[in-house]
Engineer: 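Below is a structure I'd like to ask you about.
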Amino acid sequence: MMDWTTRDQRAFVRTLTRRALLYTEMVTTGAILHGSPRERFLGYDQVEHPLALQLGGSDAGELAECAAIAEAWGYDEVNLNVGCPSDRVQNNLIGACLMAHPEKVAAAVRAMREAVSIPVTVKCRIGIDDQDEDADLERFIALVADAGCEVFIVHARKAWLQGLSPKQNRDVPPLNYPRVHRLKASRPELHIGINGGIKTLEACREQLAQVDSVMVGREAYQNPWLLAGVDEALYGVTGPATSRHDAARAFRPYISRRLEEGAKLNHITRHLLGLFQGRPGGRRFRRHLSENGHLDGACLRVYDDALSLVPETTPVTETA
Ligand SMILES: Cc1cc2nc3c(=O)[nH]c(=O)nc-3n(C[C@H](O)[C@H](O)[C@H](O)COP(=O)(O)O)c2cc1C
């Protein structure tokens, strides 16, 4: 998610779940091929694995080149964005507008598959504008699967590219989970993941009875403690954090390292503002970081002070 799932956010998430697959923000082929330094667009911490790089683009040759670069940088998967509705990307034939060009997506996937041995996956919508959610989606999936894509993450709502802002396009077009379930039923050989409006581990579990995976976006960002239950509830293994304070403390060495590299405290800690959401002291934590994290020279002390404003509970009372 642009500006949200930055490398710092992802590193923080690893204090909560070791297993969930993490995705980068969308990075355009132009940024990778012509941006400098490349580290700015592709750099990550080893702790973030398993990690997928999401690409934005439509030129098969450029996408193949970027996929190869992603593999060389050690990414575990490369994902093509066919879901972003912003005007800016539509003008460059990036994102959801590609739902209207399945042959182009298929050609890109074929070229990417030939360039790498890591999985090449696609994130798409159930349709755009006046597309038929059944016939057009089926055709899109059939062509792209024929090109070698075995994994689709489907945001279970259309994007209306005319007249809705990107933000509205995440809420206004209605969710249609049954459409994604039918897709899985009709193409059982494909890995079908579902996305959109899923907010609890219970809801994830319900979805997993019908599809292969669940992608959680906004809720995981705004209420990161949700992710602390993922390893146990969905993978059957113990997760890394027994309490929010635990997770926050485990993140200290990472913050310290990033500060030494020149990162600003608030660029890192803005992703933790929801950690104590709904808990006593949660607002004070948030306020202290927001008011002090951006000041020149803000250091770990600010972080520790913010944490000290939240009473520490015993691990047994912490629930996801
Ligand atoms: C701030 C923000 C940035 C986003 N950026 C991306 C992106 O770069 N790539 C992408 O595939 N989806 C992006 N999305 C969409 C989410 O991945 C997801 O499809 C959408 O929010 C619906 O899922 P949710 O209800 O679980 O959040 C973004 C969403 C938000 C809120």
Side-chain angles (χ1 to χ4, degrees), residues 1-10 13 17 20-32 41-42 44 51-58 63 66 70 75 77-90 92 94-99 105 108 120-128 144 149 151-161 164-177 179-180 192-208 211 213-224 226-227 230 234 267 270-271 273-274:
M1 292 188 287
M2 304 294 290
D3 217 32
W4 286 21
T5 60
T6 66
R7 58 181 297 177
D8 296 323
Q9 191 267 350
R10 300 184 312 252
V13 163
T17 165
L21 172 62
L22 302 183
Y23 288 79
T24 65
E25 306 162 88
M26 177 179 77
V27 188
T28 63
T29 50
I32 294 175
F41 302 102
L42 294 177
Y44 66 89
L51 179 64
L53 175 69
Q54 187 184 65
L55 291 177
S58 57
L63 282 165
C66 289
Y75 283 92
E77 172 182 322
V78 61
N79 175 265
L80 179 62
N81 184 322
V82 188
C84 178
S86 120
D87 281 352
R88 205 162 44 86
V89 300
Q90 279 181 60
N92 293 314
I94 295 175
C97 58
L98 286 171
M99 295 287 308
V105 177
V120 173
T121 66
V122 166
K123 173 155 181 262
C124 63
R125 299 273 185 146
I126 53 177
I128 50 168
V144 179
C149 180
V151 179
F152 294 85
I153 296 106
V154 187
H155 184 172
R157 58 162 62 89
K158 274 186 161 183
W160 293 335
L161 299 180
L164 287 190
S165 69
K167 188 168 187 302
Q168 289 171 318
N169 260 313
R170 291 184 206 120
D171 284 313
V172 176
L175 284 163
N176 186 352
Y177 295 143
R179 180 62 193 99
V180 182
I192 303 293
I194 196 164
N195 165 247
I198 297 161
K199 296 187 173 177
T200 64
L201 297 180
E202 194 44 44
C204 290
R205 250 196 241 106
E206 280 168 23
Q207 290 290 348
L208 289 170
V211 292
S213 62
V214 178
M215 174 187 272
V216 180
R218 287 165 292 187
E219 188 64 17
Y221 184 86
Q222 285 156 353
N223 172 25
L226 170 74
L227 296 169
V230 162
L234 305 180
H267 288 178
R270 70 189 170 97
H271 304 295
L273 296 180

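Just so it is clear, the model here is predicted, and its values are computed rather than measured. Counting starts at 1 for both ligands and their atoms, in listed order.
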Engineer: Answer whether the closest heavy-atom distance between the side chains of Tyr23 and Lys123 falls below 4.5 Å.
Structural biologist: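 No; the side chains remain at least 4.5 Å from each other.
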Engineer: Using heavy atoms and a cut-off under 4.0 Å, could you grab the residues that are in contact with ligand 1, chain by chain, numbers ascending?
Structural biologist: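 The 4.0 Å shell around ligand 1 contains Met1, Met2, Trp4, Met26, Gln54, Asn81, Lys123, His155, Arg170, Asn195, Gly196, Gly197, Val216, Gly217, Arg218.
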Engineer: Ignoring hydrogens and angles, tell me if any N or O in the side chain of Arg10 forms a donor-acceptor pair with the backbone of Leu51 under 3.5 Å.
Structural biologist: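 Looks like no, no N/O pair under 3.5 Å.
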Engineer: Do Leu42 and Tyr75 have side chains that approach each other closer than 4.5 Å (heavy atoms only, starting at C-beta)?
Structural biologist: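 Yes, side chains in contact.
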Engineer: Look at the rings of Tyr221 and His271 and say which category their plane angle falls in: under 30° parallel, 30 to 60° tilted, over 60° perpendicular.
Structural biologist: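 Judged by the thresholds at 30° and 60°, the geometry between Tyr221 and His271 is perpendicular.
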Engineer: Taking Gln54's backbone N and O only, do any of them form a donor-acceptor pair with Thr24's side chain (distance below 3.5 Å, no angle check)?
Structural biologist: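 Confirmed, Thr24 side chain pairs with Gln54 backbone.
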Engineer: Of the options Leu227, Thr200, Leu226, Ile198, which is the one that meets Glu219 in a side-chain contact (heavy atoms from CB on, under 4.5 Å)?
Structural biologist: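 With Glu219 as partner, Leu227, Thr200, Leu226, Ile198 yield a single side-chain contact (heavy atoms from CB on, under 4.5 Å), made by Leu226.
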